[in-house]
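Here is the structure we will look at.
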Number of protein chains: 2
Amino acid sequence: MKKRILIVDDEPDICDILKLNFEMEGYVVQTSEAPIELGDNLPDIILLDVMMSPKSGFEWAKELKASPRTAQIPIIFCTAKSMEDDILQGFALGSDDYVCKPFRIKEVKARVKAVISRSEREINSEKIIKHKGLVLNLESKECWVDGNLVPFTKIEFEMLALLMANPGQVFSREKILQTIWPNYYVTDRTVDVNIARIRKKICSYSECLQSKFGYGYIFRG
Amino acid sequence: MKKRILIVDDEPDICDILKLNFEMEGYVVQTSEAPIELGDNLPDIILLDVMMSPKSGFEWAKELKASPRTAQIPIIFCTAKSMEDDILQGFALGSDDYVCKPFRIKEVKARVKAVISRSEREINSEKIIKHKGLVLNLESKECWVDGNLVPFTKIEFEMLALLMANPGQVFSREKILQTIWPNYYVTDRTVDVNIARIRKKICSYSECLQSKFGYGYIFRG
DNA sequence: GCTGATTGTTACAAAAATGTAACAAAAGAG
DNA sequence: CTCTTTTGTTACATTTTTGTAACAATCAGC
């Protein structure tokens with residue numbers, strides 16, 4: 001399967017060179033000269049220039065990491081040699097990496113390849129969320145309750161996945177709204193209704209889906 | 001069938017730890033502190049330390065790849081973080097992989113498992129995708145349904161092949177579009193229509209080609 | 001207990017996704 | 001070129017999902 005790479009750099013020349021090179025390697029490449037809104041089809045990796053105005057690459061990266069929807073997208077930062085320390089200190093570099101400008105194309109390619117394959121392994125081993133007999137398969141978008149396949153709608157599935165992926169953490173309605181409905185606005189009561197719908201479907205596990213009075217909802221494993 | 005794994009590392013402690021772990025996973029484990037002559041009973045996979053004297057892991061791997069008898073044995077290299085680039089640039093990493101020291105046992109296990117299943121699949125699926133009486137021959141681009149050759153058009157064939165190659169995984173329309181029509185744009189309703197055309201042709205297997213409301217399509221084996 | 005805020009439930013209308021037929025455009029074969 | 005096949009698009013009926021209002025139940029603090 002072709003990998004999607006998003007290249008963000010305010011110098012069009014650099015975008016073009018990288019685009020050319022990665023297309024030759026079989027990637028689907030999207031370039032942009034500034035941070036953009038990510039659509040439904042998220043890239044597999046982002047190659048991000050740090051020095052940009054008005055919004056620095058760092059700031060945008062922080063935003064991406066803040067949203068569960070985009071948090072897992074690996075980012076490779078492009079930075080001047082003099083900024084190297086900042087990167088190393090400022091970022092955990094969890095699934096991320098960086099290259100210093102001016103970079104060798106070969107190095108960039110190698111790092112992209114390495115980061116993608118690394119994150120792929122991590123994703124593969126996390127394609128299933130499970131608590132006792134309650135199993136979510138994120139690939140097939142199916143939910144099994146004690147061995148029975150239970151039909152879930154999209155919204156229901158995404159909400160349960162969000163909560164189960166972070167057990168023991170309270171999610172405010174607002175947080176849930178922003179994650180599941182990133183684009184348009186819906187009432188926060190909508191969350192309640194969908195929680196109720198999920199509870200009905202997960203039967204005995206409905207006790208795990210608790211409301212925290214005044215705070216929001218939480219999945220207790 | 002138990003898988004045979006050969007672990008080569010000049011540190012006996014590491015050998016022992018890995019041996020213990022993989023035996024618990026049900027592997028037949030052989031360890032060695034240096035490259036050895038492979039007997040009649042070839043391992044299914046080799047876990048190979050790169051930094052060894054007198055013969056580096058790389059050199060030995062090259063020898064193995066040079067002999068038809070051992071060429072197809074997948075190898076996972078263990079290397080220091082600083083050597084990562086060398087691996088990526090020097091090796092195609094075709095069916096191979098690598099881990100950086102110090103490694104997490106969990107990661108090593110996952111990679112071994114992934115590499116083995118990958119190589120297994122490559123051997124098994126000689127360009128044929130098959131589910132019961134539904135057989136796609138990727139070389140001749142022919143589709144057989146319960147023994148009958150059914151004429152498929154190009155688009156239909158590619159779409160079915162994509163879905164059948166990844167059974168149990170949901171593909172969004174967008175994903176399908178980008179795979180089948182990587183260059184120019186077509187409506188996502190086009191996907192629906194072609195799915196319908198495929199369903200008609202695969203008769204009883206049409207139930208396997210399911211739509212996931214809000215997500216896309218999935219082939220259920 | 002009482003009170004106001006929060007949460008649960010239900011019903012229903014609105015919106016969105018999907019399947020299908022019909023047609024138009026494009027590509028190939030002869 | 002003409003005929004045929006393939007492919008994309010549109011339109012519309014059908015199905016499924018989803019948001020919201022209204023009301024009931026519950027909770028926290030007094």
Side-chain angles (χ1 to χ4, degrees), chain A residues 39-41 141-143 149-163 170-220, chain B residues 141-143 149-163 170-203 205-220:
Chain A
D40 282 343
N41 214 344
K141 312 291 183 186
E142 286 173 340
C143 175
L149 177 60
V150 177
F152 264 60
T153 72
K154 183 177 179 181
I155 298 258
E156 289 160 8
F157 189 88
E158 306 256 308
M159 272 184 56
L160 183 55
L162 173 65
L163 292 171
V170 178
F171 284 81
S172 69
R173 275 159 248 266
E174 225 182 311
K175 189 92 193 164
I176 294 175
L177 291 182
Q178 283 168 6
T179 307
I180 311 287
W181 295 267
N183 298 317
Y184 66 166
Y185 171 83
V186 296
T187 315
D188 55 358
R189 307 305 326 287
T190 299
V191 175
D192 299 20
V193 176
N194 279 291
I195 287 283
R197 287 171 179 155
I198 296 171
R199 284 199 182 123
K200 239 182 220 156
K201 293 188 177 180
I202 60 178
C203 308
S204 60
Y205 298 100
S206 61
E207 301 157 16
C208 302
L209 209 51
Q210 301 172 350
S211 71
K212 275 271 168 197
F213 203 94
Y215 285 112
Y217 291 97
I218 186 176
F219 186 91
R220 309 202 64 80
Chain B
K141 311 291 184 187
E142 285 173 341
C143 174
L149 177 60
V150 177
F152 263 60
T153 70
K154 183 180 176 189
I155 297 265
E156 289 160 7
F157 189 88
E158 306 232 316
M159 272 185 55
L160 184 55
L162 172 65
L163 291 171
V170 176
F171 285 81
S172 69
R173 275 159 247 266
E174 235 183 302
K175 198 101 192 156
I176 294 174
L177 291 182
Q178 283 167 5
T179 308
I180 312 286
W181 295 268
N183 298 316
Y184 61 75
Y185 171 82
V186 295
T187 316
D188 53 0
R189 309 307 326 285
T190 299
V191 175
D192 299 13
V193 176
N194 279 289
I195 286 283
R197 287 169 180 158
I198 295 171
R199 283 200 182 122
K200 246 181 213 153
K201 293 188 178 180
I202 60 178
C203 308
Y205 299 102
S206 62
E207 300 158 18
C208 302
L209 208 51
Q210 300 173 349
S211 73
K212 274 266 163 194
F213 204 101
Y215 283 114
Y217 292 97
I218 185 176
F219 186 91
R220 309 207 50 74

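Every chain is numbered from 1 and lettered A, B, ... according to where its sequence line falls, protein lines coming before strand lines.
- As rounded to whole Å, 16 Å separates atom P of C:dT10 from atom CD1 of A:Ile195.
- Between the NZ atom of B:Lys154 and the C1' atom of C:dA27 there is a distance of 12 Å, rounded to whole Å.
- Summary of the strand contacts: A:Ser211 and A:Lys200 both lie near DNA chain C, and taking for each the nucleotide with the nearest heavy atom, the more 5' one is attributed to A:Ser211.
- Side-chain atoms of A:Arg197 stay outside donor-acceptor range of the base of C:dG8, with no qualifying N/O pair under 3.5 Å.
- Scanning both residues, A:Glu156 and A:Asn194, for their nearest heavy atoms gives CG-OD1, 4.3 Å.
- Remark: P of C:dA17 and CZ of A:Phe152 are 20 Å apart, rounded to the nearest angstrom.
- Side-chain N/O atoms of B:Thr187 include none lying less than 4.0 angstrom from OP1 or OP2 on D:dG8.
- Dashed line: the shortest gap from a side-chain N or O of B:Tyr217 to OP1 or OP2 of C:dG19 is under 4.0 Å.
- Rounded to whole Å, the distance from CD1 on A:Ile155 to C1' on C:dA15 is 12 Å.
- Annotation for B:Cys143 and B:Phe157: closest pair N-CE1, 4.2 Å, computed over non-hydrogen atoms.
- Proximity of A:Asn194 to the phosphate of D:dT18: no side-chain N or O atom is located under 4.0 Å from OP1 or OP2.
- Between B:Thr190 and D:dT9, a side-chain N or O to OP1/OP2 separation shorter than 4.0 Å is present.
- Distances shorter than 4.0 Å separate some side-chain N or O of A:Thr153 from OP1 or OP2 on D:dT18.
- For B:Phe213, the listed nucleotide lying nearest its side chain is C:dA17; candidates were C:dA17, D:dT10, D:dT18.
- Regarding B:Arg199, its CZ atom lies at a distance of 13 Å from the P atom of C:dA21, rounded to whole Å.
- For A:Arg189, no side-chain nitrogen or oxygen approaches OP1 or OP2 of D:dA22 to under 4.0 Å.
- Taking atom CZ of A:Phe157 as the reference point, atom C1' of D:dT16 lies 18 Å away to the nearest angstrom.
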#### Entry: Derivation and outcome, side chain to side chain contact (heavy atoms under 4.5 Å, CB included), residues B:Ile195 and B:Leu163
CA-CA 11 Å; B:Ile195 286 283; B:Leu163 291 171; 4.0 Å; yes

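- For the pair A:Lys154 and B:Tyr215, the cation-pi criterion (under 6.0 Å, within 45° of the ring axis) is fulfilled.
- A donor-acceptor distance shorter than 3.5 angstrom exists from the side chain of A:Lys201 to the backbone of A:Pro151, with no hydrogens or angles considered.
- Whole-Å rounding puts the B:Glu156 CD to D:dT7 P distance at 7 Å.
- Between the CG atom of B:Asp188 and the C1' atom of D:dT10 there is a distance of 13 Å, rounded to whole Å.
- Sequence order on DNA chain D of the closest nucleotides to A:Pro151 and A:Val193 puts A:Pro151 first from the 5' end.
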